[in-house]
Trainee: 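My structure is below; once you've seen it, I'll send some questions.
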Amino acid sequence: MEAESIAFNVDDLTFETLKKIRAYLRRMLDAGGSDLHIKANSVVRARINGDIIPLSGEVISRTAALTFAKELLRSRFMEFVEKKELDLVYPYDEETRFRVNIFFQMEGVSAVFRTIPVKIMNIDELGLPGIVHRFTDMERGLVLVTGVTGSGKSTTLAALVNEINLKKRKHIITIEDPIEFVHKDRKCIVNQRSIGQDSHSFSNALRASLREDPDIILVGEMRDIETIEIALHAADTGHLVFSTLHTLDAKETINRIISMFSIEEQSRVRFTLAGVLQGIISQRLIPTIDGKRAAGLEVLVRTPRIEQLIMENRDIEIRDAIEEGKEIYGSQSFDQGILDLWTAKKISTEEAFSYATSPSDLKLKMQGMDSGSKLKKENQQEDEFDADDIFEIKG
């Protein structure tokens, strides 16, 4: 980047480019979108109901994109030039905030604005299974929320923390990058720390939190071995730890954690994880029939069998154990969760198969439900016929 492009005076900025981007943000919000994409030498696009849609034919030039970065970041622009990418939260107005990642790419500057709802939806409003409430009543252990980027992990974590904040008297520490949902002190004390602003790293902040008298610790993401190790230690020493991983399901989550360590350490980590893991909520956002999206969830709940399978490296059996525990423990596999959405006529058969872990198994479950419904209908008809016969005999 040329020197004259770096040096600038904030007082010389007109903020006209930022004003234009704010108009695009408004347009995206009105359309019910979740993410706004700004890219040098390209048109502005938004993610609406899962798809990337152009919002106009106007191209944001390389120069305009750089000016936008200066107007957005102001005094943090030089930090952006040094680090080449930056996370921040942008307050649009009193009711709307965005999580922003701004970065350099081959054409110049790009940025993605992710909508952060101001209102923290509760577990029931999100349509999460009732068993999820149980995770807020635990005194210790590790609860993980997993899924791909944009699957709603932060929203679910916020709902869990909010419920604890409303019903318990505890000390909650959140370590995030950046802070998305703001939790006011209710019955709990809530200290929220942002990486970069309030601490240098997740591992540093997590290690320090153990000396800050916490009851509940939320770690925005377990990115490295050190953070995972400290989180396991915190869960093992009487704290309730919530965190996220970018994994597809419960089995992959367990494998990811253990595979981060050397072969010599994996048996120890398996034993520790089996002892502290209380649950895993894995999420997939599925397009609905009415044009919105619904969360398809897999929920692993700790049981003696799950604990044994983890310790004995029998991860391949975990999905079966989850499915078998649905009635007793409230756990559910993705396919069971998707089947519930399909049965409730929220998603189409095509989308159900598209997002299922095993489409063939899901098809068998659907056929079984259809057969069961037909049999129930036939039995009802037989019962009605018998009742008529009895009436005629009595008559």
Side-chain angles (χ1 to χ4, degrees), residues 1-31 33-48 52-118 149-150 154 175-182 192-202 205 220-221 223:
M1 185 183 296
E2 297 179 357
E4 57 268 25
S5 298
I6 298 176
F8 73 100
N9 188 331
V10 173
D11 293 335
D12 294 334
L13 297 174
T14 65
F15 296 94
E16 287 301 315
T17 307
L18 181 58
K19 184 178 179 180
K20 183 181 295 184
I21 299 303
R22 285 177 60 86
Y24 280 114
L25 287 170
R26 182 74 267 163
R27 192 180 305 179
M28 180 200 70
L29 291 171
D30 291 342
S34 60
D35 301 80
L36 187 77
H37 290 254
I38 312 297
K39 180 184 176 184
N41 292 334
S42 184
V43 298
V44 177
R45 293 174 169 87
R47 185 177 295 278
I48 301 172
I52 299 291
I53 307 294
L55 290 186
S56 78
E58 179 188 13
V59 173
I60 303 296
S61 70
R62 184 185 182 100
T63 301
L66 186 63
T67 300
F68 153 71
K70 294 174 181 178
E71 293 177 346
L72 177 72
L73 299 174
R74 305 188 189 194
S75 61
R76 296 191 68 187
F77 180 76
M78 292 308 299
E79 180 186 356
F80 172 53
V81 170
E82 180 182 350
K83 293 182 176 179
K84 306 303 181 186
E85 62 261 332
L86 210 58
D87 287 314
L88 65 146
V89 171
Y90 176 68
Y92 180 83
D93 55 30
E94 291 184 359
E95 298 181 354
T96 312
R97 298 162 68 241
F98 293 91
R99 184 182 72 193
V100 185
N101 182 274
I102 185 167
F103 56 97
F104 284 104
Q105 42 84 21
M106 62 181 294
E107 297 287 340
V109 172
S110 279
V112 179
F113 287 73
R114 163 69 55 83
T115 309
I116 304 173
V118 172
T149 300
S154 297
I175 304 164
E176 304 169 74
D177 184 19
I179 293 169
E180 295 187 29
F181 294 90
V182 175
Q192 297 186 256
R193 307 191 68 197
S194 177
I195 300 304
Q197 177 178 315
D198 305 314
S199 183
H200 293 301
S201 68
F202 278 111
E221 185 180 347
R223 293 179 178 174

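Below, each value reflects all heavy atoms present in this structure, side chains not excepted, and no hydrogens, waters or symmetry copies. All values reported here derive from a predicted model rather than from experimental measurement.
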Trainee: Rounded to the nearest 0.5 Å, how far does NZ of K39 lie from CZ of R45?
Mentor: 7.5 Å

Trainee: Less than 4.5 Å apart, any side-chain heavy atom of I38 and any of I102?
Mentor: no

Trainee: Measuring only between side-chain heavy atoms, which start at C-beta, is F68 closer than 4.5 Å to L18?
Mentor: yes

Trainee: R99 versus P178: any side-chain heavy-atom pair under 4.5 Å?
Mentor: yes

Trainee: What distance separates D198 CG from R193 CZ, expressed to the nearest 0.5 Å?
Mentor: 6.0 Å

Trainee: Could you check if a side-chain atom of Y92 sits within less than 4.5 angstrom of a side-chain atom of R26, using non-hydrogen atoms only?
Mentor: yes

Trainee: What are the two closest non-hydrogen atoms of F80 and A69, and how far apart are they?
Mentor: CE2-CB, 4.1 Å

Trainee: T17 and A64: which non-hydrogen atoms are nearest, and at how many Å?
Mentor: CG2-O, 3.5 Å

Trainee: Specify the closest pair of heavy atoms between G33 and I48, including all atoms of both residues, with the distance to one decimal.
Mentor: CA-CG1, 3.9 Å

Trainee: Does some side-chain heavy atom of F77 sit less than 4.5 Å from a side-chain heavy atom of L66?
Mentor: yes

Trainee: Roughly how far apart are F98 CZ and T115 OG1, rounded to 0.5 Å?
Mentor: 4.5 Å

Trainee: Tell me, do R74 and F15 make a side-chain contact under 4.5 Å, heavy atoms counted?
Mentor: yes

Trainee: So how far is it from R97 CZ to F113 CZ, rounded to the nearest 0.5 Å?
Mentor: 13.5 Å

Trainee: A side-chain contact here means heavy atoms from C-beta on lying under 4.5 Å apart; do I195 and D87 qualify?
Mentor: no

Trainee: Minimum heavy-atom separation for E58 and K20, please, with both atom names.
Mentor: OE2-NZ, 2.9 Å

Trainee: Under the rule for salt bridge (charged side-chain N to carboxylate O under 4.0 Å, His left out), what residues qualify as partners of D93, not counting sequence neighbours?
Mentor: none

Trainee: To the nearest 0.5 Å, what is the distance between CZ on F104 and CD on E85?
Mentor: 10.0 Å

Trainee: Under 4.0 Å between a side-chain nitrogen and a carboxylate oxygen: does that hold for E180 and R114?
Mentor: no

Trainee: Heavy-atom distance under 4.5 Å between the side chains of R223 and D177, does that happen here?
Mentor: yes

Trainee: I need the I21 CD1 to M28 CE distance, nearest 0.5 Å.
Mentor: 11.5 Å

Trainee: Of the non-hydrogen atoms in Y90 and L25, which two are nearest, and what is the gap between them?
Mentor: CE2-CD1, 4.2 Å

Trainee: What is the minimum heavy-atom distance between S154 and F181, and which atoms define it?
Mentor: O-CE1, 3.7 Å

